[in-house]
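Before any comments, here is the structure.
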2 protein chains.
Amino acid sequence: MPAAYSDPARFPVTVDVVALTVNEGALHVLLITRLIEPFCGELALPGGFVLPGEGLREAAARELAEESGVAQIPGYLEQLHSYGPQGRDPRGDVLTVAHLLLAPNFPVLAAGSDASGAGWYPVQKLLDGELQVAFDHLLIVSDAVERARSKLEYSPLGAAFCGEEFTIAQLRAVYEAVWDTRLDPRNFHRKATGTPGFLVDTGTVSGGEAGRPAALFRLADEARFVPGEPVRAVLNPPLMRPRG
Amino acid sequence: MPAAYSDPARFPVTVDVVALTVNEGALHVLLITRLIEPFCGELALPGGFVLPGEGLREAAARELAEESGVAQIPGYLEQLHSYGPQGRDPRGDVLTVAHLLLAPNFPVLAAGSDASGAGWYPVQKLLDGELQVAFDHLLIVSDAVERARSKLEYSPLGAAFCGEEFTIAQLRAVYEAVWDTRLDPRNFHRKATGTPGFLVDTGTVSGGEAGRPAALFRLADEARFVPGEPVRAVLNPPLMRPRG
DNA sequence: TCAAAAGTGTTCTGACTACACCCATGA
DNA sequence: TCATGGGTGTAGTCAGAACACTTTTGA
């Protein structure tokens, strides 16, 4: 028998954000140190309770800003998956809606009221068990990484890890870090620049590095992701990661 | 300032199920007629409130069983997306976690306490606006259909729409209905049977129809989806839908 | 014998791989 | 001039599209 419509059960709802970036050729995730119980002192994903009158995405952006110290969220944010409410918080049933943020490496310096020490940690150390995280956040991070990996194949979101303008080599470094693989620079260059509706040449070049300066690109207008909307442009043909 | 940890806001949480099937060569969705306010008398997705102590998937399976009248849920069930809590229910903030069910056409005969007249309706009539549904359920159905379409490319879930054993032509009819396209029967046959780890020939044939009897296949063991688990097997190479 | 549907062979084309090669810069 | 990395050309291979063709059944 379902609960009467007039008196349904109510649950606390949290949002958690898996912010991923590429740093030093490896995928990193943003973690905070919890200052309150439960799991006080342990690492966890930034997140917190949804407030009355808030939407999910709104809450995720607010929590991320509060706990990482950035005013404007860079990169691409989307909903990942919901977990719970059963059996994931020692205090009782709490539903969490996890979000995924793909972002360029931004500096974090926040100290919130219930979290501190936000910082980037190598994802591989979590997956290998070298770093512990609170709640079911290891599962959430695993799901997020898998989502990010497949996102790169069919969407232009690899560029979400880069700044506004970037070289093909920087974009390739993103793919190599996320997929944890090596790609042929020549073929990647041709594929990325040859995919219609993906990149446009800005006409400028990057300097200062060793070797020949690289051309700077940005996302084509039709591939740009606007903060509020789901990504629409599909890479066709996809940039497939090597299998097997 | 976030809400105090000890006193977070609480929200009613519902689960909604977008059950899709293929019938007469077209994609259909399971809808019920609401017997209570709001939207009394209108069509809506089967669903209802999550009860204390329940998990999301558990709640979705329970609601589907209650409102469609089937004891055992056939097919493949996965979480789709969460919506809300802001601005989607006239009574106030309600979070809903939508689920997607891909199932063979099963008979529905239920009458629940707050819903009746469960039945299969052509998805296209909803998308074309010929049929109205309550709440934001049109958006949810649209998202579900798009998810189903991409699922068929990279997973063996096309077979979730078929029974235990099926012919290649039946499987092809599923793909054609979901993608709303036509596929070359010869090439589809070769691709489906030639994809390693997808299908196994049962050795039996289907009879009774006009023309040469077709061999019956079932999913290979490694491609079977178990009720509780996410689908793991990836079709490689993918069965791509025709683009552009 | 004919219609209808299952299943196979064959050719063409286009995309990916691998790798050779040239280009532009700093030291 | 050499090292370093950016960018292009090209041949081999493989998978998909298109479609002719054979097979097996019911009427």
Side-chain angles (χ1 to χ4, degrees), chain A residues 24-25 152-154 158 162 165-177 179 181-218 234-244, chain B residues 24-25 152-154 158 162 165-177 179 181-218 234-244:
Chain A
E24 309 269 333
L152 291 211
E153 295 190 324
Y154 308 108
C162 303
E165 299 190 345
F166 47 86
T167 67
I168 300 297
Q170 287 166 347
L171 185 62
R172 177 167 47 85
V174 165
Y175 278 77
E176 292 183 333
W179 288 345
T181 187
R182 311 255 48 175
L183 299 172
D184 184 296
R186 291 81 59 114
N187 292 334
F188 182 86
H189 186 282
R190 210 183 347 239
K191 206 157 166 179
T193 56
T195 297
F198 185 19
L199 301 177
V200 289
D201 194 330
T202 63
T204 55
V205 293
S206 74
E209 302 286 311
R212 170 177 171 178
L216 283 168
F217 291 81
R218 61 174 178 79
V234 169
L235 255 43
N236 189 18
L239 267 160
M240 298 287 278
R241 63 182 134 165
R243 314 245 186 202
Chain B
E24 309 270 333
L152 292 212
E153 295 190 323
Y154 308 108
C162 304
E165 298 190 347
F166 48 88
T167 68
I168 300 296
Q170 288 167 347
L171 185 63
R172 176 168 49 84
V174 165
Y175 279 77
E176 292 183 334
W179 288 345
T181 188
R182 313 254 45 173
L183 298 171
D184 185 295
R186 292 79 59 113
N187 291 334
F188 183 87
H189 186 282
R190 212 186 343 241
K191 207 158 165 179
T193 56
T195 296
F198 185 19
L199 302 177
V200 289
D201 193 332
T202 62
T204 54
V205 292
S206 74
E209 302 286 310
R212 170 175 171 178
L216 283 168
F217 291 81
R218 61 173 177 79
V234 170
L235 253 44
N236 190 16
L239 268 159
M240 298 286 277
R241 62 182 135 164
R243 312 245 186 201

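In the text below, chain A, chain B and the rest are named by the order of the sequence lines, each starting its count at 1.
For the pair A:Glu176 CD and D:dG5 P, the computed distance is 13 Å after rounding to whole Å. Straight-line distance from the CZ atom of A:Arg182 to the P atom of C:dT17: 16 Å, rounded to whole Å. Between the CZ atom of A:Phe188 and the P atom of D:dT8 there is a distance of 14 Å, given to the nearest Å. D:dG6 atom C1' lies 12 Å from atom CG of A:Asp201, rounded to whole Å.
The backbone N or O of A:Leu183 sits less than 3.5 Å from a side-chain atom of A:Glu176, completing a donor-acceptor pair.
Taking B:Ala214 as the reference, B:Thr167, B:Ser206 meet the side-chain contact (heavy atoms from CB on, under 4.5 Å) condition, with sequence neighbours excluded. Listed by chain and residue number, B:Arg218, B:Ala220 satisfy the side-chain contact (heavy atoms from CB on, under 4.5 Å) test with B:Val200 (two or more places apart in sequence, or in another chain). Every residue meeting the side-chain hydrogen bond (donor to acceptor under 3.5 Å, both in side chains) condition with A:Asp184, not counting sequence neighbours, appears here in chain and number order: A:Arg186. Checked against side-chain hydrogen bond (donor to acceptor under 3.5 Å, both in side chains), A:Arg212 has no partners two or more places apart in sequence or in another chain. With sequence neighbours left out, A:Thr204 forms a side-chain hydrogen bond (donor to acceptor under 3.5 Å, both in side chains) with A:Thr202.
For A:Lys191, a side-chain nitrogen or oxygen approaches OP1 or OP2 of C:dC16 to under 4.0 Å.
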Below 3.5 Å is the cut-off: list the nitrogen or oxygen pairs between protein and nucleotides 5-9 of chain C, distance only.
from: C:dA6; atom 1: N3; to: B:Arg212; atom 2: NH1; distance (Å): 3.2
from: C:dG7; atom 1: OP1; to: B:Ala215; atom 2: N; distance (Å): 2.7
from: C:dG7; atom 1: OP2; to: B:His189; atom 2: NE2; distance (Å): 3.4
from: C:dG7; atom 1: O5'; to: B:His189; atom 2: NE2; distance (Å): 3.4
from: C:dG9; atom 1: N7; to: B:Arg190; atom 2: NH1; distance (Å): 3.1
from: C:dG9; atom 1: O6; to: B:Arg190; atom 2: NH1; distance (Å): 3.3
from: C:dG9; atom 1: O6; to: B:Arg190; atom 2: NH2; distance (Å): 3.1

